[in-house]
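Every heavy atom of this structure was used, including side-chain atoms; hydrogens, water molecules and symmetry mates were not. Here, residue 1 is the first one in the sequence, and each next residue gets the next number.
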Amino acid sequence: MPAVETTGGSVDVDELGLTLIHEHFRTTDEAGRFQFPHLYDEQAEWEAAISDANAVKGHGVRTVVDPGAMFLTRDVAFSKRIADESGLNVALATGIYTYDHLPQVLFNRDEDGIAAIFLHEIEHGIQGTGIKPALIKCAADEPGVTPNVEKVHRAAARASKQSGLPIMAHSRPANQTGLQQMRIFAEEGVDPSVVHVAHTGDTDDLDYIERLLETGCWIGMDRYGLDLFLPTDRRNATMLALLERGYVDRMFISQDYCSSIDWFPPEVQVVLKEQAVPDWSMTFLFESVIPELKERGMTDKQLDQMMVENPKRWLGR
Ligand SMILES: [Zn+2]
């Protein structure tokens, strides 16, 4: 039976159950945290995280993949505590979340040197624990595939080929990074069926999405509620069109929600939440999106495929 690494150890894929494939229980900058701890309220962060974990559990979720990586305060102890106290399975990533910048510790290592860092975690565990990652994370965004971003992708590819772990590639459809990311993976000889191109649902350009699907990857329709990238009605129309065209076995549905995030000063964040992303939460799918998609023709079987079967097939090793 294929299995998946979680904070509670390796679990059989049949135990994953209803899975949110892309949510964050905390998104903060780790340098900011270390240098300026007065900007952070650990207790408030914990309460937001455990409250979201319990809320999704109340909707039947059994597993949450939290693909935080370097630069997002990946913290295996925090994640384990959420899993232990909520009873959820929480699966984590190794990897680097950068749109371009690499600190000297990584800038001065080549692709194989960075792959070796990922492989160390895959073999021995994250941050000195025995808890192992379930996937490898990398990212390309507005700056596109810069030399540093390309290096991280090639490192992710090599670590994936050596370990068999799947890859989640954060993408930005507005500049069609997904196609370039898949080109790099192909050059490295990665089986495209291990790659999940996250945030593909930020566009309703079906031509782009189908070109991406032709490469053989999975796609993340994974930012429901982030209206500033694409509003829900357009995400739903795209989802229904892709279901109609038969891609149910290639898609994930999630929200990329962050229980807490430090990207803006708190007072700005309150305004942004109200004005730019009023619906964004870790339960928006269950409260609004899924009922509406069902009303418009999505079947229970299709939902089960995207939230139970596809996670098993992508993550199981
Ligand atoms: Zn994310």
>> side chain to side chain contact (heavy atoms under 4.5 Å, CB included) for Arg211 and Leu179? Distances and angles first, verdict last.
In response: CA-CA 8 Å; Arg211 275 191 293 148; Leu179 294 170; 3.6 Å; yes
> Given Thr203 and Ile209, is the side chain to side chain contact (heavy atoms under 4.5 Å, CB included) satisfied, shown in steps?
Replying inline: CA-CA 8 Å; Thr203 183; Ile209 295 174; 3.9 Å; yes
Could you check whether [Y] and [X] have their ring centres less than 6.0 Å apart?
| X | Y | value |
| --- | --- | --- |
| His199 | Phe229 | no |
| Phe34 | Phe36 | no |
| Tyr224 | Trp280 | no |
| His24 | Tyr257 | no |

Test item: [X] side-chain N/O and [Y] main-chain N/O as donor-acceptor pair under 3.5 Å:
| X | Y | result |
| --- | --- | --- |
| Thr129 | Ile131 | yes |
| Ser171 | Gly178 | no |
| Ser193 | Asp191 | no |
| Gln255 | Phe284 | yes |
| Gln127 | Val76 | yes |
| Arg74 | Ala93 | yes |
| Asp66 | Gly68 | yes |
| Asp262 | Asp29 | yes |
| Glu295 | Ile290 | no |
| Thr6 | Gly8 | yes |

Find the distance between [atom1] ([X]) and [atom2] ([Y]) and round it off to the nearest 0.5 Å.
| X | Y | atom1 | atom2 | value |
| --- | --- | --- | --- | --- |
| Asp256 | Ile21 | CG | CD1 | 12.5 Å |
| Cys258 | Phe25 | SG | CZ | 11.0 Å |
| Asp141 | Asn175 | CG | CG | 7.0 Å |

Considering only NZ, NE, NH1 and NH2 on the basic side and carboxylate oxygens on the acidic side, decide whether [X] and [Y] come within less than 4.0 Å.
| X | Y | answer |
| --- | --- | --- |
| Glu45 | Arg33 | yes |
| Arg158 | Glu188 | yes |
| Lys132 | Glu123 | no |
| Asp300 | Lys294 | yes |
| Arg317 | Glu5 | no |
| Glu309 | Lys312 | yes |
| Asp75 | Arg26 | yes |

Please name the pair of heavy atoms, one in [X] and one in [Y], separated by the smallest distance, quoted to 0.1 Å.
| X | Y | result |
| --- | --- | --- |
| Glu15 | Thr63 | O-OG1, 4.3 Å |
| Ala237 | Arg296 | CA-NH2, 4.5 Å |
| Ala155 | Ala115 | O-CB, 3.5 Å |
| Leu243 | Met306 | CD2-CE, 4.2 Å |
| Ile167 | Ala157 | CD1-CA, 4.0 Å |

Side chains of [X] and [Y]: closer than 4.5 Å at any heavy-atom pair?
| X | Y | answer |
| --- | --- | --- |
| His22 | Val65 | no |
| Val195 | Pro192 | no |
| Leu106 | Lys151 | no |
| Leu230 | Arg223 | no |
| Asp227 | Asp279 | yes |
| Tyr99 | Asn148 | no |
| Glu292 | Met298 | no |
| Ser260 | Thr27 | no |

>> With side chain to side chain contact (heavy atoms under 4.5 Å, CB included) as the criterion, how do Val90 and Lys80 come out once you've worked through the C-alpha distance, each side chain's angles and the decisive distance to 0.1 Å?
In response: CA-CA 7 Å; Val90 176; Lys80 183 176 188 315; over 6 Å; no
Are [X] and [Y] connected in the hydrophobic side-chain network, where two residues link if heavy atoms are under 4.5 Å apart?
| X | Y | value |
| --- | --- | --- |
| Trp218 | Leu206 | no |
| Phe252 | Leu213 | no |
| Leu72 | Leu135 | no |
| Ile117 | Ile122 | yes |
| Tyr97 | Met168 | no |

>> Could you tell me if Lys273 sits above the aromatic ring of Phe264, with its cationic atom closer than 6.0 Å to the ring centre and no more than 45 degrees from the axis?
In response: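 Negative - Lys273 is either too far from the ring of Phe264 or too far off its axis.
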Going by distance alone, is a donor N or O of one side chain under 3.5 Å from an acceptor N or O of the other, for [X] and [Y]?
| X | Y | result |
| --- | --- | --- |
| Gln305 | Asn310 | yes |
| Asp100 | Thr146 | yes |
| Thr238 | Asp204 | no |
| Asp52 | Ser259 | yes |
| Gln181 | Thr177 | yes |
| Ser254 | Glu23 | yes |
| Glu47 | Gln43 | yes |

> Where do Val13 and Leu315 land on the side chain to side chain contact (heavy atoms under 4.5 Å, CB included) test, with the steps shown first?
Replying inline: CA-CA 8 Å; Val13 289; Leu315 289 169; 5.9 Å; no
>> Set out, in order, the CA-CA distance, both residues' side-chain angles and the distance that settles salt bridge (charged side-chain N to carboxylate O under 4.0 Å, His left out) for Asp202 and Arg235, then state yes or no.
In response: CA-CA 7 Å; Asp202 279 353; Arg235 289 182 191 272; 3.0 Å; yes
Decide if atom [atom1] of [X] counts as having more than 12 heavy atoms of other residues, nucleotides or ligands within a radius under 6.0 Å.
| X | atom1 | result |
| --- | --- | --- |
| Gln162 | CD | no |
| Arg109 | CZ | no |
| Glu267 | CD | yes |

> Step by step, would you call Ser86 with Asn54 a side chain to side chain donor-acceptor pair (under 3.5 Å)?
Replying inline: CA-CA 6 Å; Ser86 67; Asn54 288 328; 5.1 Å; no
